[in-house]
Structure formats: C-alpha cells, structure tokens
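Position 1 is the first residue of the sequence; numbering continues from there.
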Amino acid sequence: MSLNKILVALGLDSLIGALISVVSALVIFLYYVSIAQSTTLEGIARVIDGDTLELNGAVIRLHGIDAPEADQTCGDRKGAPYRCGRVATQALIEWIGDQPIRCGTRNRDQYGRWIAVCTLADMDLNARLVRNGHALAYRRFSRDYVAAEDEAREQNQGMWAGTFTPPWDWRRGVR
C-alpha cells in the first residue's frame, strides 16, 4: 500500500496538505522579514574596538572578521608583547577619522548588534582589517575574508609577523 493511500485511509491527506501550505507560507514570511531587516546605515562612526562600531545609535559588528580583544596581547617579530587589540582599534580609528562610512547590514547577532560590511568610499573596512593583519577571517560565520587573511599571512602583516592567539580562543581563556 502506498503512503498516499495510507494517509487517505487515515484521513490525514488534507492535514498534510494544510501543513505543507502553512510551512511554505512561514518560509516566505521569514524571507521577507529578513529582507525588511537589512538596511544601509551611513554617517560618522565611533570605533568601539577593532571589529565593532557605533553608527547613528546602532552598534555594528563587522561581518566575517574577528579582531583581537581590546586588552589582548600578541608577540611582535622579536617576541615582545604588544597590545594587538588596541593596535587593531587604533588602525580602524585612523582609517575612518571623521569621514562618513556606509554599512550594509546582513542581520543581527545574539546581542542585538547589526552584522554589516562597512565601507569608506569604495574601501571594504572589514577586508582591510584582515588584509593588514589586524583581524582574522571569522570562518565560523563566513568565508568572505579567507583570501584576505591568506594574503596577510603570506606577507607577514600585523599579527602574522609574530605570535598570537586567535581572538575566539583568547575569549575562551586560551592565552
């Protein structure tokens, strides 16, 4: 006996059809809600740390990258410790200055921050941080900046010139 005949015999055929319709409608609804939530934010940003900004009252976490924490230290070329988290933050501050930036949001994270790719003129700030060795590609969430990370590693840029603990490990206490 086929599955369809069994469902008809049990009187479940119309229930399954209705369930499929409801699930389809829910998927379509969620798709349009996600589109409605994405937006572009523009203005003068305040740098919070190497991968977080505040723009027009919204907190923005830079998509696809992870910069060292503000108090995180790394080792330079000679092994001497330096505050790599502070260096990443300062680089972002210097690049942006008081120039307006544009952030294309993707979604929100578990803390309610916008996840976004931010640009200054035509420069992708997320990519620049990774390419200069001030942040890593955050592969757990995206592979968008893996090529930029490979470039930084090959050229011994920023953290890649010395030693460091990936920020996601450092936050877990690996030091």
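- To the nearest 0.5 Å, atom CD of residue Glu151 and atom CH2 of residue Trp160 are 13.0 Å apart.
- Distance alone, capped at 3.5 Å, places no donor-acceptor pair between the Asp169 side chain and the Val174 backbone.
- Between Leu136 and Trp168, the closest side-chain pair of non-hydrogen atoms falls below 4.5 Å.
- Taking 4.5 Å as the limit, every side-chain heavy atom of Val87 sits out of range of all side-chain heavy atoms of Met159.
- Contact between Ala116 and Ile60 at its shortest, heavy atoms only, is CB-CG2, 3.6 Å.
- Within a 6.0 Å sphere centred on CZ of Arg83, heavy atoms belonging to other residues, nucleotides or ligands number more than 12.
- Closest approach of Thr105 and Leu41 over heavy atoms only: CG2-CD1, 4.1 Å.
- Smallest separation of non-hydrogen atoms from Glu149 and Val130: N-CG1, 3.3 Å.
- Looking only at distances, no side-chain donor or acceptor of Asn132 sits under 3.5 Å from a matching main-chain atom of His134.
- In this structure, the side chains of Thr165 and Arg175 stay at 4.5 Å or more apart for every pair of heavy atoms.
- Side-chain contact between Asp124 and Tyr145 is present, with heavy atoms from C-beta onward closer than 4.5 Å.
- Residue Gly64 comes nearest to Ser142 through the heavy atom pair CA-CB, 3.8 Å, listed as atom of the first residue, atom of the second, then distance.
- Checked by atom type and distance alone, the side chain of Asn126 pairs as donor or acceptor with a backbone atom of His63 at under 3.5 Å.
- The environment of Arg86 atom CZ is sparse: at most 12 non-hydrogen atoms of other residues, nucleotides or ligands sit within 6.0 angstrom.
- At a threshold of 4.5 Å between side-chain heavy atoms, the hydrophobic network of Ile, Leu, Val, Met, Phe, Trp and Tyr places Trp114 and Val47 in one connected group.
- Neither Ile48 nor Leu62 shares a network with the other; the hydrophobic side chains, linked directly or stepwise wherever heavy atoms of I, L, V, M, F, W or Y lie under 4.5 Å apart, form separate groups for each.
- Across Leu53 and Cys118, no two heavy atoms sit closer than the pair CD1-SG, 3.9 Å.
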Go through Phe141 and Arg106 one step at a time and tell me if the side chain to side chain contact (heavy atoms under 4.5 Å, CB included) criterion holds.
CA-CA 12 Å; Phe141 298 103; Arg106 304 266 178 118; over 6 Å; no
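- Leu129 and Phe164 are members of different hydrophobic clusters when ILVMFWY side chains are connected at heavy-atom separations under 4.5 Å.
- Ile115 and Ile65 sit in two unconnected hydrophobic clusters of ILVMFWY residues. Membership requires side-chain heavy atoms under 4.5 Å apart, directly or through other members.
- Here CD1 of Ile93 is found 9.5 Å from CZ of Arg46. Values are rounded to the nearest 0.5 Å.
- In this structure a side-chain-to-backbone donor-acceptor pair under 3.5 Å is missing from Arg139 to Arg143.
- In terms of heavy atoms, Ile44 sits closest to Gln99 at CD1-C, 3.6 Å.
- How far CD1 of Ile96 is from CD1 of Ile101: 4.5 Å, rounded to the nearest 0.5 Å.
- A salt bridge links Asp66 with Arg61: the closest approach of a Lys/Arg side-chain nitrogen to an acidic carboxylate oxygen falls below 4.0 angstrom.
- To the nearest 0.5 Å, the span separating CH2 on Trp95 from CG on Leu125 amounts to 7.5 Å.
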